[in-house]
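Some notes on the structure that comes next.
Below, chain A is the first sequence line, B the second, and so on; all start at residue 1.
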Amino acid sequence: MSAFKVRVQEENFNCEEETKSLSANRKDIGAIVSFTGLCRDENQTLAALELEHFPGMAEKQISFYCQQAVERWPLTGLTVIHRFGKIPAGEQIVLVIACSAHRRAAFEAADFLMDFLKTKAPFWKKEHFLDGQTGGWVEAKQEDEEDTKRWQ
Amino acid sequence: MSAFKVRVQEENFNCEEETKSLSANRKDIGAIVSFTGLCRDENQTLAALELEHFPGMAEKQISFYCQQAVERWPLTGLTVIHRFGKIPAGEQIVLVIACSAHRRAAFEAADFLMDFLKTKAPFWKKEHFLDGQTGGWVEAKQEDEEDTKRWQ
Amino acid sequence: MKIRYFAWLRERIGTAEEERDLPENLVTVADLIAWLSRIDEGYAYAFEQPETIRVAINQEHVEITQPLLDAKEIAFFPPMTGG
Amino acid sequence: MKIRYFAWLRERIGTAEEERDLPENLVTVADLIAWLSRIDEGYAYAFEQPETIRVAINQEHVEITQPLLDAKEIAFFPPMTGG
């Protein structure tokens with residue numbers, strides 16, 4: 001397979017629909033791994049994250065890493081959706097679905113893509129708190145940078 | 001978290017519903033990894049797999065590995081559903097959903113559970129072909145056995 | 001003792017479960033396998049390669065060297081292929 | 001040249017994009033950063049730690065040592081936090 005689907009959008013997505021569009025009427029898929037990233041608020045202070053992105057470059061970067069994934073693993077389907085705009089706590093931000101005949105390829109491809117989305121896709125997150133205050137920009141984590149090195 | 005949900009059932013499952021029941025009205029989940037295993041037929045010869053299982057022991061074994069997973073990773077939700085009976089090619093066999101604040105924990109827990117379901121859950125698969133013939137029992141793969149050693 | 005068979009062991013032996021009174025000289029799982037193998041050709045065929053057989057006593061995996069003690073239920077099956 | 005700023009660079013500089021004629025003596029991205037930093041306090045503040053800035057020329061990541069050549073568009077932004 002060399003095809004994959006990349007969408008950068010403001011509106012929400014539906015994991016079930018996206019999964020169906022990859023797997024309906026097919027019998028060559030043995031494993032589907034889906035990753036959903038949510039807007040998390042552990043301290044009960046966050047109202048939303050505002051995701052700023054670089055239109056055009058975001059799609060290009062995500063597509064670049066999708067291309068790497070389909071060359072590296074024998075995938076039978078791959079979809080990546082990344083939202084931008086203001087996303088309330090608890091809502092979905094990102095979706096990666098990887099399909100393959102075998103589970104290892106599907107797990108690794110989804111894991112790989114998430115590592116590179118974290119550090120190489122041009123998105124930035126600003127915090128909006130429940131008390132109406134605007135927080136800072138979420139800082140990049142060294143840990144995420146380290147994670148990408150696993151794939152070298 | 002110490003709770004998890006294990007179901008061994010003949011009927012199909014709905015990944016979206018199961019995901020919602022783990023994540024609805026929560027804001028402490030940052031990552032949801034779901035694995036769906038399907039009845040795969042690459043040679044266009046397979047009608048169905050018949051899954052025989054050891055009732056009681058299947059639930060016990062799956063619960064044992066779920067317990068290991070929740071002790072090993074900081075999970076905020078975990079569901080495992082394994083079907084038995086005759087499952088047509090293209091249909092769903094197994095579902096693992098792992099939720100966590102962080103993506104690494106969710107990925108690893110789902111990956112871990114699938115490795116152990118493959119080799120330690122008492123299920124056996126018999127092939128039924130499109131031409132009406134019954135095939136053999138699917139043989140355990142050495143590769144799957146090796147995969148479980150990654151978690152020692 | 002209740003003895004259960006799954007997958008191709010069940011097919012070769014021709015029954016999914018049976019109740020058997022065991023002779024007192026059977027100490028381990030391996031002893032039981034040897035004893036069952038002498039019943040008839042189906043059993044002999046099912047157990048012809050004991051190293052490919054997996055065993056559970058009271059629904060817990062055990063080794064073939066495990067003593068039977070006062071096990072209520074023993075199950076024999078091929079390597080599992082779940083997932 | 002079209003220059004774009006994202007996230008806190010955009011906030012500190014006060015604009016998302018601008019069109020600027022660059023003096024001919026600017027050779028690399030680093031030269032451009034130094035030149036922009038002299039415009040006013042906002043630019044100086046945005047670029048105060050050049051090692052934390054990421055750069056894309058024509059939507060491709062480049063190093064700060066990269067020659068500008070005939071780049072049509074350059075973008076400055078903080079380390080990315082996608083996913």
**Message:** Is the positively charged end of R12(C) above the ring of Y45(C), judged by distance under 6.0 angstrom from the centroid and angle within 45° of the axis?
**Reply:** yes
Bottom line for E50(B): the part with an atom under 4.5 Å from chain C's heavy atoms is neither
- Query: Is there a side-chain contact between T28(C) and I64(C), using heavy atoms and a 4.5 Å cut-off?
  - Reply: no
Counting heavy-atom pairs under 4.5 angstrom with chain C, the leader among M114(B), K118(B), H53(B), K60(B) is K118(B)
Exceeds 12 heavy-atom contacts within 6.0 angstrom, atom CG of D131(B): yes
Enclosure of F129(B) CZ (heavy-atom neighbours >12, cutoff 6.0 Å): yes
key: Centroid-centroid distance, F123(B) to F54(B), less than 6.0 Å   = no
Turns out that what part of K125(B) lies under 4.5 Å from chain C's heavy atoms comes down to both
Has E63(C) got more than 12 heavy atoms of other residues, nucleotides or ligands less than 6.0 Å from its CD?
no
Most contact-rich option vs chain C, by heavy-atom pairs under 4.5 angstrom, among L113(B), L95(B), T119(B), V80(B), is T119(B)
So, the part of K126(B) with a heavy atom under 4.5 Å from chain C: the answer is side chain
Turns out that what part of R4(C) lies under 4.5 Å from chain B's heavy atoms comes down to side chain
Turns out that what part of E73(C) lies under 4.5 Å from chain B's heavy atoms comes down to side chain
